[in-house]
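Some notes on the structure that comes next.
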Amino acid sequence: MTAIRADDISKDYGDVHALDGLSLSVEPGELFGLLGPNGAGKTTTIQLLTGQLVPDAGTMEVLGVDPVAEPVEVRRNVGILPEQESPPSFLTPREYFDFVSTVRDIDREVLVDRVEEWTDRLDFAEKLHTLNTDLSRGQQQKVMLTATFLHEPAAVFIDEPLVNLDPIIQERVKRFLESYVDDGNAIFLSTHHIEVAERLCSHVGIVREGRLVAEREPGSLADDESLLDTFIDDVEGGVTP
C-alpha cells in the first residue's frame, strides 16, 4: 500500500493559486522531499494531506485513509511537525509529552523510555521541567520533534525539521530520519534547502507556483543549473511564503 498519495490536487486562496493540479506518491521506506522556494505551495500540500485543509479539486490518501472524509483519523495515525511550531507555552516539555501520550494512547513505561531516548539524542534532558515559554527556539524545536515521533507513526510530515538546531543536533536528527525510513516508515519532508534534500531524501519532487515541475533522484540537484536558476529567479522576484 502506498503510504501517501495525492492525485491532481488544487487549492486556491481567493485569486492566489496555492496548488495547481499537483500529484505525488510516497512509498513505505521512502523519505520523500518536496523541494521549492518559499511560497511554492509546500506547506499547503502538507496541510491538505493531513486533513487541515480541504482541496478544491483532486483526491488524496494517507495510510489508506482519505484525509477529507476522515481528517481526525489521519491526524491520529501520522506525525506532523509544522514549520516554526511551538509547544504550549504554559506546559513544561514533560507535561506536554504526558499530554501527547494520553492523546496517542502511549503506555506509561513506553513513554518514559521514548522520552529518555529523545532527550539523550537531542541533548535537552535538563530542560524537561522548564516552561516551554522559557525555552530557546532551538529547545522548542527539540520538544516538537520529540512529540512528533513519540507514537512512532508509520507516516510523518515534517516542514523544515532542522530549523533553529545547532550543527551537532542537526546531524543527529538527519541520522535518525534516515534510520526511521530504513525501518519501513514513510517521511514527507518539505524544505527549500537543496543540501538538505540532497543528503536525506530518496526521492525529490520540485514544486514551483503550486505545480510539481520536476522529479529528481538525490545526488543530481546541486548540479542541475535549471533548478538553481529557478531558485535564484524566485528569490530575486520576491516570492514569499
Side-chain angles (χ1 to χ4, degrees), residues 1-9 19 21-38 40-50 58 60-65 67 74 77-83 118 121-122 141 144-146 148-149 151-163 165 167 169-208 210-228 230-231:
M1 178 182 69
T2 297
I4 302 166
R5 177 184 57 79
D7 292 325
D8 202 27
I9 58 174
L19 286 182
L22 183 142
S23 298
L24 56 83
S25 64
V26 185
E27 301 298 324
E30 181 177 3
L31 203 165
F32 176 85
L34 191 63
L35 177 66
N38 290 335
K42 304 186 300 297
T43 298
T44 296
T45 300
I46 289 179
Q47 291 175 334
L48 287 167
L49 287 167
T50 55
M60 304 170 293
E61 190 174 86
V62 177
L63 299 177
V65 180
V74 167
N77 292 330
V78 305
I80 308 172
L81 179 59
E83 184 180 13
W118 273 96
R121 176 180 292 120
L122 302 183
Q141 181 73 356
M144 295 306 299
L145 271 166
T146 301
T148 299
F149 285 95
H151 61 302
E152 298 187 348
V156 184
F157 296 84
I158 311 178
D159 202 344
E160 300 292 1
L162 306 179
V163 64
L165 300 178
I169 300 302
Q170 285 189 22
E171 182 61 27
R172 292 179 184 177
V173 172
K174 290 175 184 177
R175 293 181 181 182
F176 169 78
L177 296 179
E178 291 169 335
S179 68
Y180 200 71
V181 293
D182 285 343
D183 289 337
N185 302 297
I187 294 179
F188 185 108
L189 185 151
S190 166
T191 184
H192 62 267
H193 296 289
I194 293 176
E195 64 274 15
V196 171
E198 284 274 33
R199 160 69 189 274
L200 291 178
C201 299
S202 49
H203 190 71
V204 178
I206 300 161
V207 63
R208 184 184 187 190
R211 293 177 176 270
L212 195 68
V213 297
E215 296 186 61
R216 296 285 189 274
E217 298 300 321
S220 64
L221 298 173
D223 296 327
D224 189 329
E225 292 187 5
S226 63
L227 173 61
L228 294 176
T230 293
F231 276 69

R121 CZ: over 12 foreign heavy atoms closer than 6.0 Å: yes
Any donor-acceptor pair under 3.5 Å from E83 side chain to D159 backbone: no
Residue pair L177, I158: steps toward the side chain to side chain contact (heavy atoms under 4.5 Å, CB included) verdict: CA-CA 11 Å; L177 296 179; I158 311 178; 3.9 Å; yes
Spacing of CZ belonging to F149 relative to OH belonging to Y180, to within rounding of 0.5 Å: 6.0 Å
Smallest separation among heavy atoms of P153 and N185, with atom names: O-OD1, 3.6 Å
Note, L145 side chain near L165 side chain (heavy atom, < 4.5 Å): yes
From CA spacing to verdict: side chain to side chain contact (heavy atoms under 4.5 Å, CB included), L81, V156: CA-CA 8 Å; L81 179 59; V156 184; 5.9 Å; no
Flag, side chain of S23 to backbone of D8, donor-acceptor distance under 3.5 Å: yes
Closest contact, heavy atoms only, P67 versus V74: CA-CG2, 3.7 Å
Worked verdict on L122 versus V173 for side chain to side chain contact (heavy atoms under 4.5 Å, CB included): CA-CA 8 Å; L122 302 183; V173 172; 3.7 Å; yes
Results of side-chain contact (heavy atoms from CB on, under 4.5 Å) for V196 - residues two or more places apart only: L162, L189, T191, H193, L200
A6 to L49 - nearest heavy-atom pair and separation: CB-CD2, 4.1 Å
Donor-acceptor under 3.5 Å (E160 side chain, H192 main chain): yes
Pairwise distance CG(L63) to CZ(R5) - rounded to 0.5 angstrom: 12.0 Å
Residues R199 and E171 bridged, charged N to O under 4.0 Å: yes
Contact summary for P161 and Q141, nearest pair of heavy atoms: O-NE2, 2.9 Å
G33 versus C201, closest heavy-atom pair with distance: CA-SG, 3.4 Å
Partner residues of T44 under the side-chain contact (heavy atoms from CB on, under 4.5 Å) criterion, sequence neighbours left out: K11, Y13, A18, L19, L48, L53
Test log, rule side chain to side chain contact (heavy atoms under 4.5 Å, CB included), inputs T50 and V62: CA-CA 8 Å; T50 55; V62 177; over 6 Å; no
N/O donor-acceptor pair under 3.5 Å between K42 side chain and G36 backbone: yes
Nearest-0.5 Å distance, CG of residue L35 to CD of residue E215: 12.5 Å
Whether F188 and F32 hold their rings parallel, tilted or perpendicular, with breakpoints at 30° and 60°: tilted
Check: L34 and L212 side chains under 4.5 Å, non-hydrogen atoms: yes
Nearest non-hydrogen partners of G184 and P28, listed with the distance: O-CB, 3.5 Å
